[in-house]
Asker: 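Here it is: the structure, laid out below.
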Amino acid sequence: MKYLAILKDSVREALDSKVLYFTVGLSGLVILAVASISFQPEPAEKGLQTIVGSLPGSKAGFGAPKAPLRYEVENFHSLNNAAAPWEGEYRFDLVVREEEAGVFKLFVWVANLQNLVGDEEKLNPEDRAARKRLLKLQREAAEVPREKLEEFLNERMRQEIAQVTPEQMSRFLREQLVGRGSLEATQVRLADSGPGILRFAIEARPREGAYRSWPHTLTFLFGAVPTEWHTALGPMVYGVEDTLVGSIGAGVTMLLATIITAFFIPNMLRKGTVDLLLAKPIRRSILLIYKFIGGLTFMFLNTVVVVVGIWLVLGLRSGLWAPGFLLVIFILTFEFAIFYAVSTLFGVLTRSPIVSILAACFTWVVLWVSGLAYAFVDLTRELKPFPQWVYVTVDTAHFVLPRYKDLDILTSKLLARDLLAPDSFERQMQEKTFTSINWGESVGFTVGFIAVMVGLACWRFATKDY
């Protein structure tokens, strides 16, 4: 009952500040904007063209006038009467047009390098031979004079690319169709080749996650605003949930919630109010903790509205339901506890809401910068392009500070498991990056920081003479 009375008092303060009405209205507008997004599946042949149009080499590189490769679907045939295009089985010709002869083999050779890593006994004869040639090349390169090394490597690479076989090209296309469209190619055969053009006869059927990987067209305002975005449904929905809520939405929500709740503690410590509260039979530390939990409850309820609203409208509009997205409610509330703990401490120390807001915002900037720095440095550990002191400094800051950005990274991985197809390249990339970040360590260190901040605030509140 004491907690509910304090929570009621906090809600009353929020209502009096009028900011609560703004946050509720803003949440409603965001939900309405998301509800206006339409996801229209592309028909079978067009969808296949979109999938193959994303294969390696289909986009122009930085500064390049044209893409090195162009993929086209020809002689398309449907092999079954599927109710939806992502459930169909298809036969078609995949035509690869090269801006320069041999470019396609170059992409195949580069992609095939990762297949040469591992136990040699598990490799097929072609890969085993390619691995032996690569090891031999490494030994020979060590004996080549430095001024002739580039010429030597270029010549040997051209020789290796020339030895790419039709079977390796077929495997490359099989892997790409799985990773970019969840299509199992039951047959891939090099049907014809000529100067600057290769033709592959392909038969394909859907795999698990084909719906999430099938290309859709995105429109806004209930179809009134069309776009040229033609991409897989899963990454589209993932982008909305992860970017709108996990990145932009989280930052805006933290800022607004920090401003609103920054008044709770200083208002409680005003002359007259604090005298009345301290006259009641409740320990000071318990009173402050109840006030702290009241602020978290305020954030929790606001987060429930926007997250559940977005989850419902996105699920209804796209047909993809990501239950992990609902956990964002608790994650955002937990992240807010970091800044509210700082706000609470400075509210007790200064009794100034402005100082509490500035302290919480400064903490947000520090954690945001340190989190991005750690994420960037963590991706470069194998290459080590920076001096050792950079890694030591960043790792030390990451160790002592709460793991705000780590929680964002883990949330992105959580959403990816629900929305991205298991075999998609995007999902694989999510799983392979930031493997050193885990829930147990991130939550544990963050809880410790919150406990220290709130503990110091309780100690100061309990010993100060009002």
Side-chain angles (χ1 to χ4, degrees), residues 40-78 85-86 88 90-114 154 157-158 160-206 210 213-218 226-233 235-236 421 423-426 429:
Q40 185 65 37
E42 295 186 346
E45 185 172 2
K46 185 178 179 181
L48 279 175
Q49 182 60 60
T50 300
I51 291 173
V52 302
S54 65
L55 297 184
S58 60
K59 307 297 181 185
F62 180 75
K66 291 183 178 181
L69 296 172
R70 189 168 74 253
Y71 300 89
E72 298 173 358
V73 172
E74 295 183 358
N75 301 326
F76 171 82
H77 298 282
S78 178
W86 52 86
Y90 307 109
R91 180 191 298 124
F92 59 94
D93 288 349
L94 176 57
V95 179
V96 184
R97 302 185 186 278
E98 302 173 308
E99 285 296 316
E100 183 179 344
V103 175
F104 181 68
K105 284 188 174 182
L106 170 62
F107 280 92
V108 174
W109 180 73
V110 171
N112 193 55
L113 288 178
Q114 63 183 355
N154 288 337
M157 188 174 72
R158 282 193 291 268
E160 286 296 317
I161 293 172
Q163 296 186 63
V164 171
T165 65
E167 289 74 18
Q168 290 173 325
M169 290 188 282
S170 296
R171 182 175 63 185
F172 170 78
L173 291 176
R174 283 193 180 93
E175 294 173 350
Q176 294 297 323
L177 289 174
V178 169
R180 301 179 187 275
S182 294
L183 295 174
E184 178 184 359
T186 56
Q187 174 186 298
V188 179
R189 178 175 56 86
L190 179 61
D192 190 20
S193 64
I197 185 171
L198 301 97
R199 180 181 296 271
F200 294 87
I202 296 178
E203 291 186 9
R205 62 187 179 190
S213 299
W214 190 259
H216 283 61
T217 301
L218 187 68
T227 70
E228 295 300 321
W229 293 347
H230 309 280
T231 188
L233 177 62
M236 279 187 183
D423 296 317
S424 66
F425 293 132
E426 296 94 339
M429 183 63 67

Asker: Tell me, do Leu69 and Leu55 make a side-chain contact under 4.5 Å, heavy atoms counted?
Answerer: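 Not in contact.
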Asker: Are any side-chain N or O atoms of Glu98 and backbone N or O atoms of Phe104, one a donor and one an acceptor, separated by less than 3.5 Å?
Answerer: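 Checked: pair present.
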Asker: Just by distance, do the side chain of Tyr71 and the backbone of Pro56 share a donor-acceptor pair under 3.5 Å?
Answerer: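 Confirmed, Tyr71 side chain pairs with Pro56 backbone.
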Asker: Could you give the distance from CG (Asp192) to CG (Leu190), rounded to the nearest 0.5 Å?
Answerer: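 Going from the CG atom of Asp192 to the CG atom of Leu190 covers 7.5 Å.
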Asker: Looking at Arg205, I want to see if its CZ is surrounded by more than 12 non-hydrogen atoms of other residues, nucleotides or ligands under 6.0 Å.
Answerer: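 At most 12 heavy atoms, drawn from other residues, nucleotides or ligands, come within 6.0 Å of this atom.
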Asker: Taking Gln49 for the side chain and Val73 for the main chain, is one N or O donor matched with an acceptor at less than 3.5 Å?
Answerer: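 Checking the backbone N and O of Val73 against the side chain of Gln49, a donor-acceptor pair under 3.5 Å is found.
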Asker: Between Met169 and Leu198, is any pair of side-chain heavy atoms under 4.5 Å apart?
Answerer: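 Answer yes - side chains close enough.
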Asker: In Å, rounded to the nearest 0.5 Å, how long is the span from CD of Gln40 to CG of Leu218?
Answerer: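 Output value for this atom pair is 11.5 Å.
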Asker: Counting C-beta onward and ignoring hydrogens, is there a side-chain heavy-atom pair between Glu100 and Leu106 closer than 4.5 Å?
Answerer: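 They are not in side-chain contact.
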Asker: May I ask you to test the Glu167-Arg171 pair for a side-chain heavy-atom distance under 4.5 Å?
Answerer: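 Side-chain contact under 4.5 Å: no.
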Asker: Donor-acceptor check, side chain of Trp86 to backbone of Pro206, threshold 3.5 angstrom: yes or no?
Answerer: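 Side chain of Trp86 to backbone of Pro206, a donor-acceptor pair under 3.5 Å: no, none is there.
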Asker: Is there side-chain contact between Glu45 and Tyr90, with at least one heavy-atom pair below 4.5 Å?
Answerer: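 No, too far: nothing below the 4.5 Å cut-off.
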Asker: Between atom CG of Asp423 and atom CG of Leu183, what is the distance when rounded to the nearest 0.5 Å?
Answerer: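 It is 11.0 Å, given to the nearest 0.5 Å.
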Asker: Less than 4.5 Å apart, any side-chain heavy atom of Ile202 and any of Leu177?
Answerer: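 Yes, close enough: below the 4.5 Å cut-off.
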